[in-house]
Amino acid sequence: MSDPTIRVRIAPSPTGPLHIGTARTALFNFLYARHVGGTFLFRLEDTDVARSTPEFERDIIDGLHWLGITWDEGPDAAGGLDKGPFAPYRQMQRLAIYAEAADRLLDADLAYPCYCTPDELEADRKAQEAAKQPPKYVGRCANLTADERAARQAATARPPATRFRVRPGVIAWNDLIRDRIEIDTTNLGGDFVIVRSEGTPLYHFTVVVDDAAMAVSHVIRGEDHVGNTPKHILLFEALGHPVPTFGHLPLILNPDGTKMSKRKSQTAVDDYRAQGFIREGLLNYLAYLGWSPGTEEDVLSLDEIIAKFDIDKVHKGGAKFDIGRLEWLNGQWIRKLDADDLIDRLRPYLQAALDDGRISRLPSDDEVRALLPVIQERLPTLAAVVDLVGFLWIDDLALDPALVVPKRWDAATTHEALVAARGILAAHDAVTWEADELEPPLRELVEARSWKAGDLFMAIRVATTGRTATPPLFDTLVALGRERTLARLDAAATALAPAIVR
RNA sequence: GCCCUCAUCGUCUAGAGGCCUAGGACGCCACCCUUUCAAGGUGGAGAUCAGGGGUUCGAAUCCCCUUGGGGGCACCA
């Protein structure tokens, strides 16, 4: 299915790392384009020169690619070449286009030069605030004669900004998601600046010029843009371009219900990635934030989501970000990964653990592969592998002697049990060091002493791993290996000795 | 202050007038499985569908009001 009339875009500005909200907006545009067979384009809105950096640009592009979101037009790599018939797709490389459009507006008197200084503007705003009035441009420069303009220019010394005339009237559109919205232009805050006094164009202007130039048919963006839409519609009209269809997505919210922010939530996609969330899980979760296929399925692949995506089913109300549900979904997807893939994905997290000293050596792929049957279903995130079985790759295990003693036992019994178990395990050689071989003789020991298997196993578990929660004991001992198992049992027994009261 | 907007379990959601004494999932609780932890299985608690008026034979679903929440109002994007 292909529909060349449908063109959507994501237009982030590289003023910060890829935000989870940007990723979600990109995802919905991507889903919409892929579902209907339209075109998805990527444009960098880097006109805020002071805050835009190549590093953020790279972070955004890499992050989106990591998620599996691809675009048909736009820069494919940070600093790389733009592809697509409307290149360039970086706004700072399109300044001539905005300048030409601004001149047209100026010539038609749809915009005018504004000589107001920041001080004047701030004073206006303060006065309005004091009078409990909504902030609004007072129109000081709206109807100046040529002489007056010259006078104001002479007084300020800096070049004028360009202000767009907001005409009276009601702007209405049929929103893809929220149906009809009408806004009176008197509530827009007056004529707004489209070109700074230093000459660079502003957001409201560049989006419209570019969406027009790039033939964007559907503008799907966050709900926080609803108030900007009438300004954009006015600009499309002034520029003589057909107005695209708008759709405003519900916001992703902090747990307290406010718009998701760095202050209250983790917002950088890369941070989720660093924590071991995988693309399948994050994507699946993000897709369900404000959308549902209307069925009772929860775990869907990107392809399945594309197939089922329907913009009519997108919600109007915001959705709180629930990390717990993300973790569950992530675990679902980790369980679906095949062995080689999982090993590949685990490697960076093990390396990171080695780098910061949480483990002493890096396990081989085969070591990790042997562990997969017992750890794969226990990983909510990839990074959790270190917490789960990191003890296998630590040279000097920190051991709390008190933890080694099971609840129903005392130190003396535990010591005796560990020594006995050590003796039994030592009888095995490298060949019979298998889970099936290790367990029966220890069960016989338990039987002979009238102990509980759970107590013995717990004592051995803590002695050999330092923790009370681990994957199944005998698989763990096999992974640890005969020598280290025996050494750790010895060390635990020794550590216990002082605690034995006679 | 002004404008816009939203409203189903704690959370994500199903629901587009009768199928709803409101379904699923996460989380929570219990039980089963079990050497711990998970996973899995079974069951449970959990929403008078924000409140109040209508419309209708019939409303979570349509209309109005109220309340509550959110977003926005830059020479940021």
Side-chain angles (χ1 to χ4, degrees), chain A residues 11-16 45-48 50-52 114 116-118 121-122 125 128-129 131-137 160-163 175 178 181-184 186-190 192-198 200-204 206-207 222-230 248 250-251 253 255 257-259 285 288-299 312-313 315-329 331 335 374-380 388 406 439 442-443 446 452-458 460-462 465 467-474 476:
Chain A
S13 44
T15 54
E45 311 219 323
D46 53 359
T47 55
D48 185 349
R51 295 195 299 145
S52 297
C114 174
C116 294
T117 63
L121 263 15
E122 200 189 320
R125 205 159 18 240
Q128 286 156 351
E129 194 178 325
K132 302 263 188 199
Q133 296 292 314
K136 179 183 180 125
Y137 177 59
T162 303
R163 233 174 240 281
D175 197 275
R178 345 181 65 86
I181 299 179
E182 299 183 355
I183 296 178
D184 194 305
T186 57
N187 297 310
L188 260 30
F192 56 91
V193 176
I194 55 175
V195 181
R196 291 182 178 89
S197 107
E198 43 106 351
T200 53
L202 254 12
Y203 166 74
H204 293 305
T206 58
V207 249
E223 182 191 342
D224 47 349
H225 281 289
V226 175
N228 293 331
T229 298
H248 292 89
L251 263 19
L253 276 18
T258 54
K259 179 164 110 172
Y285 178 71
Y288 271 81
L289 236 36
W291 173 83
S292 150
T295 62
E296 290 187 348
E297 305 160 288
D298 293 300
V299 184
D312 286 340
K313 283 187 166 292
H315 293 189
K316 295 178 179 174
K320 292 177 187 168
F321 196 88
D322 179 5
I323 190 87
R325 197 177 164 81
L326 205 211
E327 282 178 357
W328 173 77
L329 217 34
R335 273 165 233 150
V374 292
I375 65 172
Q376 188 159 13
E377 66 189 24
R378 269 166 250 262
L379 293 174
L388 188 62
E439 183 170 354
L442 287 177
R443 290 220 179 249
V446 163
K452 297 227 184 233
D455 291 334
L456 205 224
F457 293 171
M458 182 54 83
I460 298 174
R461 169 176 294 112
V462 177
T465 69
R467 23 195 337 153
T468 55
T470 69
L473 182 60
F474 299 100
T476 303

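The chains referred to below are lettered A, B, ... by the order of the sequence lines, with proteins before strands, and numbering in each begins at 1.
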- Item | B:A25: pairing nucleotide in any strand, Watson-Crick or G-U under 3.5 angstrom |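 B:A25 is paired with B:U11.
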- Paired with B:G1 by Watson-Crick or G-U wobble geometry, both distances under 3.5 Å: which nucleotide is it?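 Base partner found: B:C73.
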- Ignoring hydrogens and angles, answer whether the base of B:A39 and the side-chain atoms of A:R335 contain a donor-acceptor pair closer than 3.5 Å.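 Such a pair does not exist between side chain and base.
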- Does any donor-acceptor pair link the side chain of A:R461 with the base of B:U35 at a separation under 3.5 Å?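 Side chain to base: pair present.
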- To the side chain of A:D48, which of B:A77, B:U36, B:C12 is closest?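 It is B:A77.
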- Query: Given B:G23, B:G71, B:A14, which nucleotide is nearest the side-chain atoms of A:L251?
  - Reply: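 For A:L251, the side-chain atoms sit closest to B:G71.
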- Contact class for A:R51 vs. all strands (heavy atom < 4.0 Å): base, sugar-phosphate, or nothing?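 Counting heavy atoms under 4.0 Å across all strands, the contact made by A:R51 includes a base.
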- Message: Does A:P471 reach a base, just sugar-phosphate, or nothing at all? Heavy atoms under 4.0 Å.
- Response: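 Base, at least one base heavy atom under 4.0 Å.
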- Message: Restricting to salt bridge (Lys or Arg N to Asp or Glu O under 4.0 Å), what partner residues turn up for A:K320, sequence neighbours left out?
- Response: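 Here no residue qualifies.
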- Would you kindly compare A:Q133 and A:G324 by the position of their nearest RNA chain B nucleotide and give the one closer to the 5′ end?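 The answer here is A:Q133.
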- Message: Please determine whether a side-chain nitrogen or oxygen atom of A:R196 lies at a distance below 4.0 Å from atom OP1 or OP2 of B:A77.
- Response: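 Indeed, a polar side-chain atom of A:R196 lies that close.
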- Query: When you check the gap from the basic side-chain N to the acidic O, do A:K259 and A:E223 get nearer than 4.0 Å?
  - Reply: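 A salt bridge is absent here (no side-chain N lies under 4.0 Å from a carboxylate O).
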- Inspect the contact between A:D175 and A:K316 and indicate whether a charged nitrogen and a carboxylate oxygen are less than 4.0 angstrom apart.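 No salt bridge links A:K316 with A:D175.
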